[in-house]
Each structure stands twice: as C-alpha cells, then as structure tokens.
Number of protein chains: 4
Amino acid sequence: MVARMHHSASPRKGRTGRPRSVETDHAILRATRAALVDLGWGRLTMSDVAARAGVAKTTLYRRWANKNELVVDAVAVLFDELELPDRGCLQSDIEGVVLQFGALLARPETKTALMAVVAESTTDEALRERIRSAIVDRQKRLVVLGRERAQQRGELPPDDTGPEGELAAAQAVGLIFDVIAGAIVHRTLVTAEPVDPAWAHQFSTVLLAGLRGLS
Amino acid sequence: MVARMHHSASPRKGRTGRPRSVETDHAILRATRAALVDLGWGRLTMSDVAARAGVAKTTLYRRWANKNELVVDAVAVLFDELELPDRGCLQSDIEGVVLQFGALLARPETKTALMAVVAESTTDEALRERIRSAIVDRQKRLVVLGRERAQQRGELPPDDTGPEGELAAAQAVGLIFDVIAGAIVHRTLVTAEPVDPAWAHQFSTVLLAGLRGLS
Amino acid sequence: MVARMHHSASPRKGRTGRPRSVETDHAILRATRAALVDLGWGRLTMSDVAARAGVAKTTLYRRWANKNELVVDAVAVLFDELELPDRGCLQSDIEGVVLQFGALLARPETKTALMAVVAESTTDEALRERIRSAIVDRQKRLVVLGRERAQQRGELPPDDTGPEGELAAAQAVGLIFDVIAGAIVHRTLVTAEPVDPAWAHQFSTVLLAGLRGLS
Amino acid sequence: MVARMHHSASPRKGRTGRPRSVETDHAILRATRAALVDLGWGRLTMSDVAARAGVAKTTLYRRWANKNELVVDAVAVLFDELELPDRGCLQSDIEGVVLQFGALLARPETKTALMAVVAESTTDEALRERIRSAIVDRQKRLVVLGRERAQQRGELPPDDTGPEGELAAAQAVGLIFDVIAGAIVHRTLVTAEPVDPAWAHQFSTVLLAGLRGLS
DNA sequence: CTTTAATCGAGACGGTACGTCCGGTCTTATG
DNA sequence: CATAAGACCGGACGTACCGTCTCGATTAAAG
C-alpha cells in the first residue's frame, strides 16, 4: 500500500477529503531554494525548509519522499529558464546557451545542490530517474533545436533519412549534450573557474570544429 | 591547540612517543573504499570505516580532519593508475585514456564518492583545494603528455614560443581537460550510460576535429 | 466560537440541520473499548478508534473534546454494571461487590485506561470533574446502599440524627469508599495479583471489623 | 544483541572505554523530577529533561530504555525517604506513616507520575517489574517493621510459628499494604482531597480495628 | 419542494515529541 | 606519545499522533 506521492497528472476527479494546497507546493520549493542559497546542500535541513515555507514538516514528507527528491524538484524549474537565443549563426547560438548554462550553475542554489543529488543518485535508482525526467531530458531540447536551426541555415548537413540515420542523430545529440553540459559543469564545479565570454568563445570554437568533423 | 594533521613529508625527527603506524593508513583507506562500494557515500559512516579497518574512530580523526578529506584521499590513489598508452596516433591515445577513465568512474567507489565530495567542496574551500591537488591537477599530466607526444609526431602544431604562447597553451590544456573529464563524468553519472569503445571512438573523433580547429 | 459539546439532555428544539446519529455514539464508545483491549491506553489513537467505528475523526471531536474524555465515557458505562447483591449479611454483600469490582478492573479495557486518565486528571481539572461525575460519585451509591441495608438489618448502628450526624455519615462513606476502591485498585494494578474469593473474604473481614470500630 | 542497560551491579572490571559518569545519572534524575514539577507527566519530554540536565538526549537513552523507566527511577528515590516514626503506640505510628505517605503523594512530581507509569505498566511487563522492585517492594518494609514493633509492644499477637504461619503473615502484610497504600492513593488522586491529620486519624482507627479483627 | 443548517467521511494541515543515527570530541586504560 | 573502546554533545532524521481545518456530499427539519 504505497502512499500516492506527488503530482498525479489527472486533476484527481472523484477524490475526497481536503485537497492539497497548490500554493503550498510553490512555497516549499521557493523555501528550498532560499535555504540552498543560505546554507548549501550540506547544511540544509527539512525542518528549516518547513519553517521558511511556514509549513509543517509533515507536509513536506507528504509530498516528497526525502530531501533529495525535494531538492531535485526545487532546482529543476531553474533549468527551464534556459533557452536558445537566435543570434544568427550557430557559433553565437552555442556561446549564448553556454553562457546561460554557466550563469545558472554559478548560482549558489544550483551549484551546491546539483552534484549532491547526482552523487546520491548513484545509489538510488528512483532519484536518478527523477533527475533524468525533471532536468536532463528536458534540456536536451536545446541541443535538438540548435541542431535543427543550424541545418536550416545550412551550417550543418541535414540528417540522413531512414532509421539508421535517426539513430545516428539521436546518438549525436546525446554525445553533444554530454560534452556541453559536462564541460560546463566540470569547469564550474571542479576547476572552479568562471564560464565567461572568453571561455565560452574558445569552447564553442572547439565544439563547432568537432561537430563539423562528425559528419 | 591545532592538531598536526597528516602527511608531513619528513619523518619528523626529534619527535617522541609512539609513532603512527604506516600500514594503518593503508588499512583505513582500503576500508574506506570497501565501505564506499558497499554503502555508497551517503550511508558510509566513520564508525563503520573504523570497524572495517580494525581501528578506533580516534585514529581516523587523528589523520584526517573529517569524512570528506578521508574519502578524497581514499579515492585519489585510484586516479594515479591512469596512464597514457602509446598506441601510435593521437586518436588512439585519446580513446585509450577515455576508456580507462570511463572504467575508473564506473567503479562504485569512485562513482558514488567523486560527485559527493565535489558537491561538498562548493561550500568548503579546504576541501576544494584538496580535491584539486590530490586528483585534478595530477591528472592534467595526461593531457600535457598527450599533447607533447602529438606535437612530436607532428599531429599537432608546436606551441607558440614566448609568454603569450605559454599562456595560450595552459588555457588549452585546461579547456581540453574540462571537456574530456566533463564529458566522461556526465555520461557516466548523469546520462548513466557506459563509456564503451564505440562512444570513446565517436567522442575522440569530435575532440580531435575540435583540437585541429583550435589553432 | 466554542463548540457545543455533547449530550444536551433536551432534544434541542429550534435547531435545524441534520441531527447527530445516536447509534454513532455507541459505535464510537464500543470501538474505543475494543481499541483499549487490543492496544492499551498508550497505543490507542483517535484515528484507530475512528476507523474501527467506521466514522471520521471529525465526528469524534465533534462529540468529545479530546482523547481523555472519550476514554472516560467509554469506560464509565462499565462501572454502571456494578450492583450490590443481597446475600443476607453485610460481610457477604461486601464480598460480592468486591469480587465484582475486582472482575471489572481485571478487564483489559478498564485496567489500562483507568489509571491513565486519573494520571492525566492531575493536571486537567475538567477531566477530574468528568471522572468524578461519570465514575466515582456514581459508585458511591453502592456504599450508601450497603450501609443502609446493614442498618436496617441491625448489623450497623443507625446514623446519628442532626446535622453533625449527617456530616459524619458522609465522611464515613467517603472513607469507606476510598478504602474499598483503593485496596482493589492497588491489588489489581500495582501488586498485580487477582482479587479472588479468598482475598475478598480476608479483605471484607478486616473491613467489617474496622467498620464496627468506627462507631 | 541487546544493549547493556543501566546499573550492572558489578563494577564491571575488565571493561574498557570511557566510563559513564555517575554524577550524570543523578543530574538526569534531578532534572526529571524538576520537569515533573513544572510540566507534569503528560508534557514532560525527553529533550527537555536532557536540556535541564545539561546532557544530550543520547545519554538518556543510553541509560534508560524510555521515558517510563526513567520516571520510575526518578520518583523511586523519593519513596525511600519514608520511615516509620516511633510514636509509642501502633495507632500513632500508623498515623505518622500515613501522613508522610500522603504528603509524598501530594507533591506534584509524584502525583502526576505515579499513576501514569502504573497505567503504562499494564501493557509493559518490564515496566511493571521495575515499579515493583524500585518502589512497591521497598516500601513493604514499613508494614513489616510496624507489625514487628507492635508485636513487641504486645499490641498485636505474635505470628504463628511454622510454615503456614509465615504464609499467613506474608499475606497479611500484602493485604495491609494494599489497604494503606490504596486508600491514600485513592483519596489523593481520585477523590482529590487531602490526607490531613483528621483523615489519618479516622483511617488509622478503622485500620487498627480491622487488624485486631484479623487474628 | 425547496431552502437551510447542520452532520458526515476523507484527508490535508500545523505542531510537537518520539527514538535513532551520525559527526566529531573527550576520557579512560593500555601499550 | 599512539591506540582501542566507548561515553558524550549536538543536531537532523523520518515517523507518529493530536486536534484543527477544509472540502464535497448527505440529510433532516423548517418554511
């Protein structure tokens, strides 16, 4: 008899009892991000989040199974702000999104939380799945979109048609995403140096040359 | 009353009392890795490590300031196993080291620990420094070495001479390292798919094309 | 906005809206006793009682202010079963009622609940009053009745007439009640040995000798 | 693997590690009584006791399995203060000890706690045993002593010799203890009226007459 | 037959204590 | 001195229960 956890897509027709407050959800997520900024992942506590949100600890646990899942959701919405600017050419587009992503990772609430939940996810399959669906897969759209736009401009050759062409395209998207996201994360969190315009330019130059070499 | 912490290089002449057992160090680090394998970072406890090593908790804290630093050291030695094979051409060399790095990150003790300590390091300057010195900087040698070897073979142009040339070279090493390490980490931990020969080949193809585009 | 609480004797004319179900009251009290048997006072929960009674928690709290008051009422009705048998002589009458009382306190629902609510009553005046009116005072009738019957039989001297005589009689009733009820409760709950015929006989012998010494 | 709980009689020779502080034991028991006075059983919390004692909650749980056992021990020592005064005749002796017992039960720390733990003991065999050994059995000495003294004075007949005589004496002690303790507890906690000299006199008169009727 | 004002089941909610766990320090006795 | 053992403080964890609240759905009696 597993408790129903969070976010049933349907508006739960036929359900009885007092409905969950939707605003409470947002208040909790907001409070979580604020706590991340102030305290960082390591010192963030559920009690503190509850207090900031003006909510009982029970309410947190009724909606999220644990700290990790809460933090993933709290951070995930920030990633949805990313978008692919149309700056006229592929290199500029890449530089733009790299800078955005770098700026996002530089924010204390993402910096401290992202790697922590990824680390936990190595021993928690449910968490890994939540990260993938809430963050990773949602951002691959940027790569797909950039690729399409460049193909329309003629900067990249069109996809091969047919099933093996689609497979190759999907693999390419995965690889490129790993390279872009990985490099930015590594620079920000491990090397601990900023993703500034100069770096973004250098990186996108390398990447673009690499992409041309793919085909 | 600051405790003298760990690893004075000199055999500290003139000190009296019972000396620390060197074998104990290795036993603790071994126990730490074993605990990481069994429990993962999140569930690993100092008491458990102490018990596995047949040692008192006191002994741990006399040698490492806290859990994070212990784990960094326990994992760091694994990275020293990496080496750059000479397979005759740059692309093969890259593929070789990518596969090694991928295999290393696939091991449970690194997978679970690395991102965790990186996450902690965002709010712990001392820890960040220890990660850099114990892991990151030590592995940049691979990039430097591979670059030199490729230059000798004529696969890459020689560095510009003069101070601004050296600076550019250092920057390039940093960038390349972020790209390689970042991509592998991201594929392993976030995308959660294996770094196999096919991926290594595709990745090194892109990277090599990118490198040629750098100059 | 004080809620109207429970058991207005009058059928409250002039009120509209759906009336409370009377059967629900009994179902709840029955469920409470069942829960006491199964769980004991300490582990009994309001949710559990509600579930057993097939009723919402709200319904409980609409009728009783809190757990303590509910339990007092649930247990109180059991005490009304006590009666003074006419066995022909005072000593036999006492033995009879002692055995009845002993049997009642041996039942798990009273055993576990009675002392608990008494304990709570030390810091809850309303609860103490409810216990007194629902249980204690109602059972003093047994002492009064037995006394009268014995006086009619000539086993005890008649009360002194006049105000000071009545006072003395009331005091005597109080004392005797404390002795009887106290001894049985203590034997059952503290000494934890049964109130069997042998003990009842010995006790009533002592008590009767004591009573004769009173006058 | 049950943890060793509290008060091994032996001074535990051959044990290693930091020994438990004995003073801490007393500080905790003192704090518990203070909390009982201020808050009563129902509102007393382990955290509060720990804070009052200047001790971590862990330390409490290392020594007592739960709140109930702690409170029993905290209250038990108070009962050891009771003693049988030698006032020259049995009735006076009884009155003296009744008043003492009444005064003890009137204290907030005993009043609120005693019945609560007795109530819990109905569903907790270990607790019942602890109450018996820590409180009940220790106070039976008063009955035994008073009886002996009265026999020496010739106020009561000597015990029958022989095994059945001893059994009868033991039973009598049990009965008398139930009557005395029960009556005082009932008057104090249920009837909620004071055990004053007048009541003590009346009660002891009845009791004494009853005792004479026993033989 | 509608209106009205309550009751009812379900369950979310704020609050608070529970008993457990762990990090890191301190105190013993023994090398 | 180092060491093993384990007590200790502090504080977060996730659970449980109390008593309140908010829903939508009933249900009797009054109009």
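A note on names: the letters A, B, ... follow the listed sequences, proteins ahead of strands, and every chain is numbered from 1.
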Taking for B:Asn66 and for A:Ser21 the nucleotide of DNA chain E with the nearest heavy atom, the one nearer the 5' end belongs to A:Ser21
note: C:Arg62, atom CZ; E:dA5, atom P; distance rounded to Å ~ 17 Å
Compare side-chain N and O positions of A:Arg63 against OP1 and OP2 of E:dC13 and report whether any pair is under 4.0 Å apart. yes
Review point. Do D:Thr122 and C:Thr112 have side-chain atoms, one donor and one acceptor, less than 3.5 Å apart?
Key: yes
Whole-Å distance, A:Tyr61 OH to E:dA12 P, equals 18 Å
query = What does B:Thr59 touch in the nucleic acid at a heavy-atom separation under 4.0 angstrom: a base, only the sugar-phosphate, or nothing?
reply = sugar-phosphate
Heavy atoms of B:Arg128 and B:Ser121 approach each other most closely as NH1-O, 2.9 Å
Applying side chain to side chain contact (heavy atoms under 4.5 Å, CB included) to A:Ala51 and not counting sequence neighbours gives none
Exercise. Using only heavy-atom distances, decide whether a donor-acceptor pair under 3.5 angstrom links the side-chain of A:Thr16 to the base of F:dA25.
Key: no
*asked:* With hydrogens left out and only the distance checked, is there a donor-acceptor pair under 3.5 Å joining D:Arg18's side chain and the base of E:dT27?
replied: no
Rounded to whole Å, NZ of C:Lys67 lies from P of F:dC17 at a distance of 9 Å
### Message
Under a 4.0 Å threshold between the charged nitrogen and the carboxylate oxygen, would D:Arg52 count as salt-bridged to D:Asp48?
### Response
yes
note: B:Glu69, atom CD; E:dG23, atom C1'; distance rounded to Å ~ 14 Å
Practice prompt. Tell whether D:Thr24 reaches the base of F:dA7 with its side chain through a donor-acceptor pair below 3.5 angstrom.
Written response: no
To the nearest angstrom, the CG-P distance between C:Leu60 and E:dG11 comes to 16 Å
Taking only side-chain nitrogens and oxygens of C:Arg20, does any of them come within less than 4.0 Å of OP1 or OP2 of E:dA6?
no
Q.
With a 4.0 Å cut-off on N to O distance, would you call D:Glu23 and D:Arg30 a salt bridge?
A. yes
What residues 31-57 of chain B contributes to the DNA chain F interface at heavy-atom separation below 4.0 Å is B:Gly54, B:Val55, B:Ala56
When rounded to whole Å, the CD to P distance for the pair C:Glu23 and E:dT7 reads 18 Å
(message) Check whether B:Asp25 reaches the backbone of B:Ile28 with its side chain - one donor and one acceptor, N or O, closer than 3.5 Å.
(response) no
Separation of E:dA17 atom P from D:Leu70 atom CG, nearest Å, is 16 Å
A:Arg43 with A:Asp38: basic N within carboxylate O range, under 4.0 Å
no
